[in-house]
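Predicted, not measured: the structure shown is a model, and the values here were computed from it. For this chain, numbers begin at 1 and follow the sequence in order.
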Amino acid sequence: MYHRLLSRRFVNQFSRSCYQFGHEENQESGAPRARKYTKMLLGASVGTLLAYKFYDYRNNAVVLAESPEMKMGNVGVAKADLPVYTLHEVSEHSTKEKRIWVTYKEGVYDITDFVTEHPGGDQILLAAGSSVEPFWLLYAVHNNPHVLQILETLRIGNVSKEDSQQLVADMSDPYSTDPQRHAALKPASVKPFNAETPPFLLVEQFITPNELFYVRNHLPVPQVDPETYELEVEVEGRKKCLVLTLDEIKKLPRHTITATIMCAGNRRSEMVKVKPVKGLNWGAAAVGTATWTGVRLRDVLIKLGVDEDDKKLKHVQFEGLDFDPTGKTYGASVPLWKAMSKRGDVILAYEMNGEAIPRDHGFPIRVIVPGVVGARNVKWLGRIVVSENESDSHWQQNDYKGFSPSTDWDTVDFTKSPAIQELPVISAICKPSEGEKVKVEDGHIVVKGYAWSGGGQKIARVDVTADGGSTWFVANLDHQDSAEPPQHWSWTLWSARIPIPSGTKQVELWAKAVDSCYNTQPETFKNIWNLRGVLSNAYHRIKIKLV
């Protein structure tokens with residue numbers, strides 16, 4: 001079992017305090033392993049800090065970027081005018097008093113001042129002397145010109161070629177065993193792999209094919225042997241633990257639901273037009289609908305003896321089998337009432353559209369929490385914990401939360417905002433696409449798209465306008481599940497025939513949806529902008545040319 005490769009106690013005690021600065025496997029044991037992971041924690045923290053605090057060093061980075069030597073291929077290359085340090089010398093610089101050093105390729109960097117300026121930076125003073133390269137293999141977003149420019153401003157020396165090779169001698173690409181993906185998917189990032197469906201394909205049919213379903217991965221895809229797979233289920237602080245094999249899970253009563261899953265960052269690319277945010281540049285298609293089959297989580301928890309009326313139990317935590325270099329797995333949690341509700345329809349799914357769930361989507365078991373943000377639908381499920389507390393995972397505590405448009409990275413306090421669960425109502429135009437040339441026939445054009453609302457609400461209406469909101473046309477709801485709220489888990493596909501005045505050469509189309517609770521979308525992104533670019537559900541707007 002992947003989650004048993006490392007001591008859970010070591011991981012929990014050690015990475016809870018440090019992992020918050022890292023994050024969107026080896027077989028060693030004892031003290032050597034602890035020392036190695038200590039260095040890895042620093043590397044992960046440094047990698048993330050360099051990525052997310054680059055604006056603090058922007059002036060230096062811009063000046064440096066204008067230099068001919070400042071090309072990505074030259075960063076970390078030995079420089080003749082700098083002193084050479086051994087790895088032993090680097091490792092001795094592990095405190096503010098002695099300065100904090102790290103290495104990248106053949107370069108040595110003093111990050112003391114950088115770390116000091118970051119809130120909570122003291123926690124990454126656990127070790128020094130490790131290379132940041134293994135972490136940039138894992139979080140490839142860091143390996144970009146901005147980050148490298150900042151890093152080079154902190155350059156103080158060189159490591160010998162022999163030592164720099166020794167640092168990463170056993171480093172391999174953690175994504176080398178990832179599954180093959182369909183060529184039609186549009187990547188937002190490659191490592192980890194994140195990609196969306198071309199929007200025009202989304203509205204071709206109500207159920208999204210497995211191969212074209214959007215992919216949201218935070219870490220490398222684990223390889224799980226179904227023959228040895230086990231799911232651990234427990235109540236925190238109690239001795240009783242339920243361990244289920246895949247076969248044992250499949251022997252429990254089957255339950256099937258059709259549910260839409262959507263990433264919290266869907267349509268982020270539109271919010272960025274207001275001002276920059278941090279996150280993948282998703283378009284309008286980080287969403288998909290599938291038929292999921294598995295067993296009710298409620299049945300499993302009752303089998304364990306969980307009492308839904310126990311006032312001490314408030315959350316159900318999920319841990320995946322995907323993990324980072326520190327051994328920290330992806331995790332999330334949902335309220336116990338949702339997990340135990342007969343109408344909540346939370347399932348441990350082993351089939352997706354009638355087939356075994358593909359590796360990219362959580363093989364062999366994924367939790368499906370319908371009506372809730374995709375981040376809580378944990379894939380490659382390895383452990384479930386019923387607890388008084390939320391998951392302490394980075395993605396539950398320090399990500400996937402919404403904030404005021406006035407909150408920035410200098411003032412944000414993630415403890416002040418609740419974790420996103422149910423998502424707000426949203427819609428998007430999928431046909432035509434932005435900038436497309438559309439033929440006007442009989443004085444009309446046809447517009448198609450999707451609409452969805454979280455929390456089990458049903459789409460009641462979709463409105464479309466081509467004149468800035470002076471005239472709205474009610475779309476036809478072409479494909480909609482028959483389930484009623486609050487168990488309406490899937491999207492609605494819609495179409496509208498919009499009249500176009502003769503001689504019009506260009507129009508901007510707007511779409512907005514209204515759900516069964518009469519929630520509707522905000523008009524613009526300006527007033528819902530947030531630093532993480534989540535909950536991007538303002539009117540969808542596209543400009544098209546007419547022929």
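Residue I368 holds its CD1 atom at 11.5 Å from OG1 of T258, rounded to the nearest 0.5 Å. Summarising the geometry, atom OG1 belonging to T492 is positioned 3.5 Å from atom CD belonging to Q480; distances are rounded to the nearest 0.5 Å. To the nearest 0.5 Å, the span separating CG on D345 from CD1 on I257 amounts to 5.5 Å. Taking OG1 of T197 as the reference point, atom OH of Y214 lies at 9.5 Å (rounded to 0.5 Å). Distance check: N537 CG to T520 OG1 gives 9.0 Å after rounding to the nearest 0.5 Å. Separation of atoms NZ (K458) and NE2 (H488) is listed at 6.0 Å; rounding is to 0.5 Å.
Contact record, A475 with W494: CB-CE3, 3.7 Å, taken as the closest heavy-atom pair. Scanning all heavy atoms of the two residues, the minimum distance from Q396 to E390 falls at NE2-OE2, 3.2 Å.
With sequence neighbours excluded, no residue forms a ring-ring contact (aromatic ring centres under 6.0 Å, His included) with H540.
Under a cut-off of 6.0 angstrom, the local environment of CG in D442 is sparse, with at most 12 non-hydrogen atoms contributed by other residues, nucleotides or ligands.
Applying the side chain to side chain donor-acceptor pair (under 3.5 Å) test to every pair with at least one member in residues 419-438, sequence neighbours left out, gives these pairs: E204-K431, S427-Q521, S433-E436.
Annotation: W472 is in aromatic contact with Y539 [ring centroid separation under 6.0 Å]. Aromatic ring centres of F403 and F414: separated by under 6.0 Å. Between W395 and Y400, a ring centre-to-centre spacing not shorter than 6.0 Å is recorded.
For the ring-ring contact (aromatic ring centres under 6.0 Å, His included) with H361, the lone residue among F213, Y350, W380 that qualifies is F213.
Note that R181 lies in the cation-pi zone of F193, set by a 6.0 Å cut-off to the ring centre and a 45° limit from the axis.
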